[in-house]
Amino acid sequence: MKPLAAARREVLSAMRLLPVLEVPLDRAQGLALASDVIAPHAVPSFANSAMDGYAVRVADVADPPVELHISEDVPAGHVASGSVRPGSVIKIMTGAPIPEGAEAVVKVEDTEPVPGGRVRIMASVPMGTAVRPAGGDLAEGQLVMPAGVRLGPVHLGVLATIGVSAPRVRRRARVAVLSTGDELFPADAQSLPPGGIRDSNRPLLKGLLSDVGVEIVDMGIIPDQEERLRAALKEASAAADVTVTSGGVSMGEYDLVKQVLSSLGDVGLWKVAMQPAKPFAFGLIHGTPLFGLPGNPVSALVAFEQFVRPSLLKMMGARALFRPRVPAVAGHSLRTNPEKTVFVRVVVDLEGGRMVARSSGGQGSNVLSAAAVANGMAVVPRGVASVGEGEPVAVEMLRSPETRREEDTPDE
C-alpha cells in the first residue's frame with residue numbers, strides 16, 4: 001500500500017496553476033489572490049468620529065457639567081466649515097471628519113440639550129476619545145493581503161475600502177464530475193429495480209465542489225459500458241480542468257473504470273494506506289488530471305478531502321490547502337486499523353475548556369448518515385491500533401462545532 005502522505009505529495013506535485021485574470025468583487029468570493037495587495041492610501045484617509053456626539057477641546061470639559069455653545073452641525077459626508085474654538089463645540093455624526101481644533105468627542109449620551117443653541121456636557125473625556133485616526137486601519141503602502149489568500153466576504157469588504165474593484169486572482173477551476181455503475185439511478189427515481197440504488201455520490205461531490213468554489217460540469221451517471229465510459233471520460237477531459245469520477249476503481253473484475261483509464265492515459269490505480277478510501281485512481285487523460293474515487297459514499301468523501309480539495313485549491317493559487325486540524329481528546333475509546341491512517345467520523349464539542357471528539361455513528365464506508373452528523377474526522381496515524389478515552393487525537397475539522405443553539409444563548 002502507498003502511504004497517504006506519499007500519495008498526496010505525488011498528486012499535488014502534478015497540479016499546475018490556472019491562469020490569472022481580474023474578476024469583479026461580486027464574482028471573486030472563494031478565489032485566491034494572484035498577487036499581493038498593497039494599500040494605495042491610508043484607511044481611514046482622514047481622522048473621523050467613532051460615534052455621534054460633540055467634538056470638543058479637552059480643557060473645556062475637564063470640570064463637568066459645563067454648558068458650551070454649538071457652533072456647527074456636521075453630518076457624515078460633510079466637513080466642518082470652522083474649527084472648535086474655546087468655549088464652543090461642534091455637533092458631529094459617526095464617520096464625519098474631526099474638525100480643526102477638536103481633541104476628542106463626547107458621546108451624545110453624556111450630554112443634554114440646552115435652549116439657545118447650547119449643550120450641557122456631563123462627562124469629561126481624555127485626549128483622543130472617540131477619534132479614529134487617519135491610517136488607524138491601514139497605512140498607505142501597507143501589505144493588505146498577500147498572494148494566495150482565498151477571498152471571503154470580509155476580504156471583499158476590505159478590497160472595496162481601498163478601491164480594488166477587480167482583484168487579480170487565479171480563475172475558477174472547471175471540474176467534470178460523473179458517477180459510474182449500472183446499479184445507479186438518479187435521486188428522483190420513483191422506484192428502483194432489484195439491486196438498484198440512488199446515486200448519492202454525485203450530489204455529495206457537487207456540494208463539496210461548490211464549497212471549494214469551482215465551476216461544475218455535471219456529466220451524469222455513466223453505465224458500465226466500455227465505449228460510453230470511454231467517450232464520457234474523453235469529453236470530460238476536453239471540457240474541464242479536472243475530472244472526478246466515483247466508482248469502479250476497486251479490484252473487482254467488473255470494474256470497467258480502471259480498464260478504460262489504463263487505455264486512455266497515464267493513470268495509476270493505487271491502494272492507499274488509509275481507511276476508508278483505500279482504492280484510488282489518479283493520473284492524466286490528455287493532460288487533464290483525473291481523480292478516480294471509490295464508489296462507497298463515505299470513501300468518496302474522505303478521498304475528496306485528502307486529494308481532490310487540496311489539489312483544486314493549489315490549482316487556484318490558494319496558500320492554505322488543507323482543512324484545519326485541532327487537538328482534541330477522545331470522548332470514548334476509538335479502535336482503528338494500525339496498518340492504515342484511519343479517519344474516524346466524529347462530533348467535536350467544547351467541554352470544560354477542551355475539545356472532545358466522539359464517534360458520530362456507524363463507521364462503515366457506506367454509512368453516509370453518520371458522516372452527515374460529523375463535524376470532523378479524527379485522524380489516527382498508522383501504527384496506532386486504538387485511542388483510549390481521554391487520550392489526545394488530532395481532528396480534521398469539516399465545519400465549526402455547533403455548541404450554541406438559540407435556546408442556549410444568554411442575553412448578551
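Quick note: residue numbers are just sequence positions, from 1.
- In summary, the side chains of Arg202 and Ser246 do not present any donor paired with an acceptor at a separation below 3.5 Å, with no hydrogens or angles considered.
- Residues Asn201 and Ser179 have side chains that never bring a donor and an acceptor to within less than 3.5 angstrom of each other.
- Comment: Glu215 does not engage Arg171 in a salt bridge, judged by the lack of any side-chain N to carboxylate O separation of less than 4.0 angstrom.
- Look at Arg358 and Glu351 and you find a salt bridge, because one of the NZ, NE, NH1 or NH2 atoms lies within 4.0 Å of a carboxylate O, short of that distance.
- Using a cutoff of 4.0 Å between basic side-chain nitrogens and carboxylate oxygens, Lys206 and Asp199 are not scored as salt-bridged.
- Side-chain polar atoms of Glu72 and Ser81 form a donor-acceptor pair below 3.5 angstrom.
- For the atom pair OH of Tyr54 and OG of Ser71, the computed distance is 11.5 Å after rounding to the nearest 0.5 Å.
- At least one donor-acceptor pair under 3.5 Å links the side chain of Asp36 to the backbone N or O of Ala147.
- Separation of atoms CG (Leu178) and CD (Glu235) is listed at 10.0 Å; rounding is to 0.5 Å.
- The salt bridge (charged side-chain N to carboxylate O under 4.0 Å, His left out) test with Asp211 is passed by exactly one of Arg323, Arg150, Arg399: Arg323.
- Arg354 CZ: 12 or fewer foreign heavy atoms inside a 6.0 Å radius.
- Taking the six-membered ring for Trp and the full ring otherwise, the centers of Phe307 and Phe282 sit at least 6.0 Å from each other.
- In this structure, Ser299 contributes its side chain and Gly295 its backbone to no donor-acceptor pair below 3.5 Å.
- Summarising the geometry, atom CG belonging to Asp73 is positioned 10.0 Å from atom NE2 belonging to His78; distances are rounded to the nearest 0.5 Å.
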